Amino acid sequence: MSIKVENITKVYGEQKALNTISFSVKSAEIVGFLGPNGAGKSTMMKILTTYINPSEGQVKVNGYDIDSDKKSVQSSVGYLPEHNPLYLDLYVREYLAFNADVFKVEKSRINDVIELTGLTSESHKKISQLSKGFRQRVGLANALLHNPDVLILDEPTTGLDPNQLVEIRNVIKNVGKDKTVFLSTHIMQEVEAICDRVIIINNGKIVTDKKLDKLIFQVHMKE
Ligand code: ADP
Ligand code: MG
């Protein structure tokens, strides 16, 4: 299993953001994590990437425990956070080189991720000059720098126009061919376009966990 979540609860003060959640994701699967705002998606993703600790429960990513083996979890995951914090004053290549330095990644990876995410034509520009779609690709390129086995993408397509949406979905599908991808969204069509499976979360609880072909069949049967 690439991701194994068992009985995770997260409480922020009075707010229970996640309530005894369990699920797993197999290697090379692309799974959509679907739910409305406030459902608990980002909280789950921050736990998977070791940004925050759960209040209760166990999580393993790539076989490593998020509690006892944080460093190994961090080298196994690439993370595109919800608001994709970028240094707007840096050039694309400069930004990636800076992060490659910080994470001790070989410089040759910079060209690899630029190519993988279709950034070649924009790679000489300042990040502030890029459209939202290309900024997301910079975030994705950054998440791929250390060639992680697992990608955690928090609402990677929110705010994109229809063309950019189609393009970034293709990029995600393409990089997802040999990686496990866990991506959040609040749009069902997004899941249909990219994912093999959907896990639906509402109010911190999982309400559905199904292969997409089965779910779509059930929805049509109800119509
Ligand atoms: P989603 O990503 O699905 O929109 P979040 O995981 O961001 O949901 O939030 C889940 C719930 O936890 C929401 O009710 C939100 O207001 C609350 N929450 C998130 N982060 C914090 C925080 N740092 N402190 C207090 N409450 C928080
Ligand atoms: Mg969120």
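Counting starts at 1 for both ligands and their atoms, following the listed order. Numbers here are sequence positions counted from 1. Not measured: the values here are computed from a predicted model. Just so it is clear, the values below take in all heavy atoms, side chains as well, and ignore hydrogens, waters and symmetry mates.
Classification of Glu167 and Arg137 as a salt-bridged pair holds, one side-chain N sitting under 4.0 Å from a carboxylate O. Salt bridge status for Glu122 with Lys125: present, with a side-chain N to carboxylate O gap under 4.0 Å.
Protein heavy atom in closest approach to atom 6 (O) of ligand 1: Thr43 OG1, 2.5 Å. For atom 22 (C) of ligand 1, the nearest non-hydrogen atom of the protein is Tyr12 CD2, 3.5 Å. Nearest non-hydrogen protein atom to atom 8 (O) of ligand 1 is Gly40 N, 3.1 Å. For atom 7 (O) of ligand 1, the nearest non-hydrogen atom of the protein is Ser42 CB, 3.8 Å.
Heavy-atom proximity to Gln15, at under 4.0 Å, picks out these atoms of ligand 1: 12 (O), 14 (O), 17 (C). When each atom of ligand 1 is checked for a heavy atom of Ala39 under 4.0 Å away, the hits are 1 (P), 3 (O), 8 (O). Numbered from 1 in the order shown, with element, the atoms of ligand 1 that lie under 4.0 Å from a heavy atom of Pro36 read 3 (O).
Thr158 is linked by a side chain to side chain contact (heavy atoms under 4.5 Å, CB included) to Glu155, His186, counting only residues two or more places apart in sequence or in another chain. By the side chain to side chain contact (heavy atoms under 4.5 Å, CB included) test, Asn7 is found to be paired with Ser22, residues two or more places apart in sequence or in another chain being considered.
Residue-to-ligand polar distances keep Glu82 apart from ligand 1: every N/O pair is separated by 3.5 Å or more. Of the polar atoms of Asn37, none of the N or O atoms is found under 3.5 Å from an N or O of ligand 1, judged by distance alone.
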Q. Is there a side chain to side chain contact (heavy atoms under 4.5 Å, CB included) between Asn99 and Tyr95 once you walk through the steps?
A. CA-CA 6 Å; Asn99 282 317; Tyr95 174 71; 3.3 Å; yes

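Distance check for atom 12 (O) of ligand 1: a protein heavy atom is found below 4.0 Å. Note that atom 19 (C) of ligand 1 has protein non-hydrogen atoms nearby, at separations under 4.0 angstrom.
No side-chain donor-acceptor contact under 3.5 Å links Lys132 and Asn84.
Within the structure, ligand 1 lacks Ser184 among the residues with a heavy atom less than 4.0 angstrom away. Distances shorter than 4.0 angstrom do not occur between any heavy atom of Gly35 and any atom of ligand 1.
Closest heavy-atom approach to atom 1 (P) of ligand 1 among the candidates Gly204, Ala17, Gly13, Gly38: Gly38.
Within the model, atoms NZ of Lys60 and CD1 of Ile3 stand 14.0 Å from one another, a figure rounded to the nearest 0.5 Å.
Residue contact annotation: Ser42 places an N/O/S atom under 2.8 Å from the Mg ion (ligand 2).
When hydrophobic clusters are built by joining Ile, Leu, Val, Met, Phe, Trp and Tyr residues whose side-chain heavy atoms come closer than 4.5 Å, directly or via intermediates, Val175 is not grouped with Met45.
The neighbour count for Lys104 NZ, taken as heavy atoms of other residues, nucleotides or ligands under 6.0 Å away, does not exceed 12. Open room surrounds CG on Asn203; 12 or fewer heavy atoms of other groups in view lie less than 6.0 Å from it.
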